[in-house]
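Heads up: the structure comes next, in structure tokens.
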Number of protein chains: 2
Amino acid sequence: MSSVPGWANVNERRNLPPALAVSTVILGIREGHDGGPDKLCLPLVRRIRQPHAGLWALPGGPVDASESLGQAAGRSLADTTGLRPSYLEQLYTFGDIDRSPTHRLVTIAYFALLNADQVGATVQDENVAWFDIDDPNMAQLAFDHRKIVDYALWRLRNKTEYGQIAHRLLGERFTLAALRGVYEAILGRRLDPANFRRTLKNTATIEATEEYLAGGQHRPPRLYRYVGHGPDPLEVDPSQG
Amino acid sequence: MSSVPGWANVNERRNLPPALAVSTVILGIREGHDGGPDKLCLPLVRRIRQPHAGLWALPGGPVDASESLGQAAGRSLADTTGLRPSYLEQLYTFGDIDRSPTHRLVTIAYFALLNADQVGATVQDENVAWFDIDDPNMAQLAFDHRKIVDYALWRLRNKTEYGQIAHRLLGERFTLAALRGVYEAILGRRLDPANFRRTLKNTATIEATEEYLAGGQHRPPRLYRYVGHGPDPLEVDPSQG
DNA sequence: TTCGTTAGAGTCATTCTGACATTAAGTGTC
DNA sequence: GACACTTAATGTCAGAATGACTCTAACGAA
């Protein structure tokens with residue numbers, strides 16, 4: 001993030017089009033401790049340049065002339081955090097005049113999901129860290145990034161089809177209890193295990209495998225697999241990024 | 001649309017940030033003739049400059065440095081068509097590299113609704129015209145505007161809350177039959193009048209008035225009013241545009 | 001072997017939904 | 001004025017979906 005192509009300094013860019021950037025809200029799931037509920041969490045990067053140097057911000061960067069918007073989101077994410085999420089979806093474009101104190105900045109916000117394995121493998125240092133969504137440190141982020149995070153959570157909770165979303169927060173195979181934990185973290189309330197099982201069996205996007213999860217304390221649960229249909233019309237394929 | 005501030009020509013803008021524009025899909029409702037179902041329709045403007053000169057396109061224009069994105073959508077809409085819709089919502093941002101043959105163009109698409117009175121009062125000339133969404137002329141639009149229209153229709157059909165949307169396509173007061181016509185046009189299928197009435201009574205966002213619509217051929221229907229709650233977190237207020 | 005815990009299936013009452021019947025209230029025709 | 005016709009509005013009923021709950025199965029730990 002030291003030399004930023006495409007972003008001229010304030011004086012140079014009078015009368016030029018707005019600077020264009022992408023930022024990504026990356027959500028992952030973290031197991032609750034002491035049997036508590038699972039929690040949604042996300043990685044933030046510390047800003048090392050003005051404006052808002054020192055504050056935590058969403059990972060992102062400027063849009064390169066040679067890449068599409070989705071590609072820019074995927075690339076800038078890999079550059080700043082090393083993460084390559086399995087799901088990437090455009091969220092909203094923020095372009096109020098005064099959202100940056102130094103220049104006119106239009107940000108296309110993306111929304112990404114990471115499965116549990118990827119969350120665990122993340123390297124953290126003093127400039128990249130994970131926060132629970134209810135962490136007090138989340139109160140003050142750079143720019144209007146707090147607003148962007150809130151909007152991402154609102155969208156997640158109002159998704160009509162959780163199937164896709166939930167399975168992308170887990171691995172390829174998962175137990176129904178783990179899937180229920182994801183739903184509970186998103187919705188913020190407990191669900192009845194029996195009814196949850198029945199409902200999912202009717203959706204036909206979840207398929208039982210013949211494998212069971214061994215090594216637990218109690219009766220080993222069956223593993224399931226997601227067999228959902230095609231993506232939304234404008235969903236991003238992160239493998240192209 | 002003759003002199004477009006902010007858009008340099010192709011040679012000038014090598015190595016500059018992408019050009020930023022807004023385009024708006026404005027949907028209105030038109031009564032079906034011969035008792036047929038109501039139809040969704042939208043206004044298009046004919047392009048008078050390259051690229052794609054002569055083709056029909058969504059109304060829009062570049063984003064001015066002094067206005068927010070929503071304001072740019074509202075203003076460019078008034079400039080090109082004279083329309084001032086009662087509802088404006090951001091749809092999606094399109095930024096593929098090759099979506100314009102002459103330059104890198106990022107378009108923030110908006111989605112607007114007009115009520116029946118506003119549709120009727122629109123002036124049409126050879127460069128501004130309304131089309132039914134199933135009109136064959138809609139097959140070839142400038143840029144990727146056909147894709148934008150399709151996405152707007154998909155979003156409209158998948159809205160969880162039709163209440164707001166439907167009432168903005170009608171006037172302040174409306175009959176249940178008119179509201180049902182809007183739903184049928186959006187969903188593309190007939191609905192049972194009795195069940196439709198029952199469902200709406202349970203939503204509590206529609207309120208009966210003491211007025212009746214006179215002048216019809218048959219039993220005069222009661223007029224209803226929309227009393228919905230607040231807007232979505234990021235909904236645009238078009239009165240600010 | 002017993003106990004504690006989770007997996008998974010089943011029961012039952014309530015609510016929601018689609019299909020359809022019935023009554024109410026106006027206009028136009030003879 | 002009687003009648004047919006059309007739409008408005010309410011009611012009924014069966015099947016599906018939902019929430020709360022019970023019961024049995026299968027493991028590890030003691």
Side-chain angles (χ1 to χ4, degrees), chain A residues 31-38 157 159-163 166 170-171 173-225, chain B residues 31-38 157-158 160-163 166 170-171 173-225:
Chain A
E31 274 185 31
H33 32 273
D34 303 336
D38 293 355
R157 294 195 177 106
K159 271 275 172 189
T160 48
E161 234 197 329
Y162 283 110
L170 301 170
R173 278 137 205 265
F174 44 85
T175 68
L176 286 185
L179 188 56
R180 182 164 49 86
V182 172
Y183 276 71
E184 291 176 343
I186 292 176
L187 297 174
R189 61 187 171 91
R190 295 291 187 161
L191 299 173
D192 183 285
N195 294 337
F196 181 79
R197 172 184 308 272
R198 179 182 58 189
T199 304
L200 276 189
K201 283 205 168 174
N202 293 335
T203 60
T205 61
I206 303 284
E207 189 179 76
T209 72
E210 291 308 313
E211 297 172 64
Y212 294 81
L213 179 65
Q217 302 276 41
H218 308 289
R219 171 173 170 176
R222 187 188 283 266
L223 289 174
Y224 291 79
R225 176 174 46 211
Chain B
E31 273 186 32
H33 31 271
D34 304 336
D38 293 355
R157 294 196 178 106
N158 286 283
T160 49
E161 234 198 329
Y162 283 110
L170 301 169
R173 278 138 205 263
F174 45 82
T175 67
L176 286 185
L179 187 57
R180 181 165 48 86
V182 172
Y183 276 72
E184 290 176 343
I186 292 175
L187 297 174
R189 62 188 169 90
R190 294 291 188 163
L191 299 173
D192 183 287
N195 294 336
F196 180 79
R197 173 184 308 271
R198 180 183 57 190
T199 304
L200 276 188
K201 283 205 170 174
N202 293 337
T203 61
T205 62
I206 303 284
E207 188 179 76
T209 71
E210 291 307 313
E211 297 173 63
Y212 293 82
L213 180 64
Q217 301 277 40
H218 308 290
R219 172 173 172 177
R222 187 188 282 266
L223 290 174
Y224 290 79
R225 177 176 45 211

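Just so we're on the same page: letters track the sequence lines, and every chain starts at 1.
As rounded to whole Å, 15 Å separates atom C1' of C:dG18 from atom CG of B:L187. Between the P atom of C:dT22 and the CZ atom of B:R219 lies a distance of 18 Å, rounded to the nearest Å. As a whole-Å value, the separation of A:D192 CG from C:dG8 P is 15 Å. For the pair B:H218 NE2 and C:dT29 P, the computed distance is 12 Å after rounding to whole Å. C:dT6 atom P lies 20 Å from atom CZ of A:R222, rounded to whole Å. What separates CG of A:N195 from P of C:dT14 is a distance of 16 Å, to the nearest Å. For B:F196 and C:dT17, the CZ to P distance is 13 Å, given to the nearest whole Å. Nucleotide C:dT22 holds its C1' atom 14 Å from the CZ atom of B:R197, rounded to whole Å.
First and last contacts of DNA chain D with chain A, using any nucleotide atom under 4.0 Å from a protein heavy atom and ordered 5' to 3', fall at D:dT18 to D:dA29.
Atom CZ in B:R180 sits 14.0 Å away from atom CZ in B:F174 (nearest 0.5 Å). Between B:L176 atom CG and B:L223 atom CG the span is 9.5 Å, to the nearest 0.5 Å.
Base engagement by A:R198 is indicated by at least one non-hydrogen atom pair under 4.0 Å involving a base atom. Among the heavy atoms of the strands lying under 4.0 Å from A:A177 are primed sugar atoms or P, OP1, OP2 only; no base atom is included.
Looking at B:L170 and B:Y224, their side chains never come closer than 4.5 Å, going by heavy atoms from C-beta outward.
Heavy atoms from other residues, nucleotides or ligands lying under 6.0 Å from CD of A:E31 number 12 at most.
Although no hydrogens or angles enter the test, the distance criterion places a donor-acceptor pair under 3.5 Å between the side chain of A:E184 and the main chain of A:L191.
Across every non-hydrogen atom of B:V182 and B:D38, the tightest pair is N-OD2, 4.3 Å. Shortest non-hydrogen contact noted between A:A166 and A:Y183 is CB-CE1, 3.6 Å.
Distances shown here put a side-chain N or O of B:Q217 below 4.0 Å from the OP1 or OP2 atom of C:dG28.
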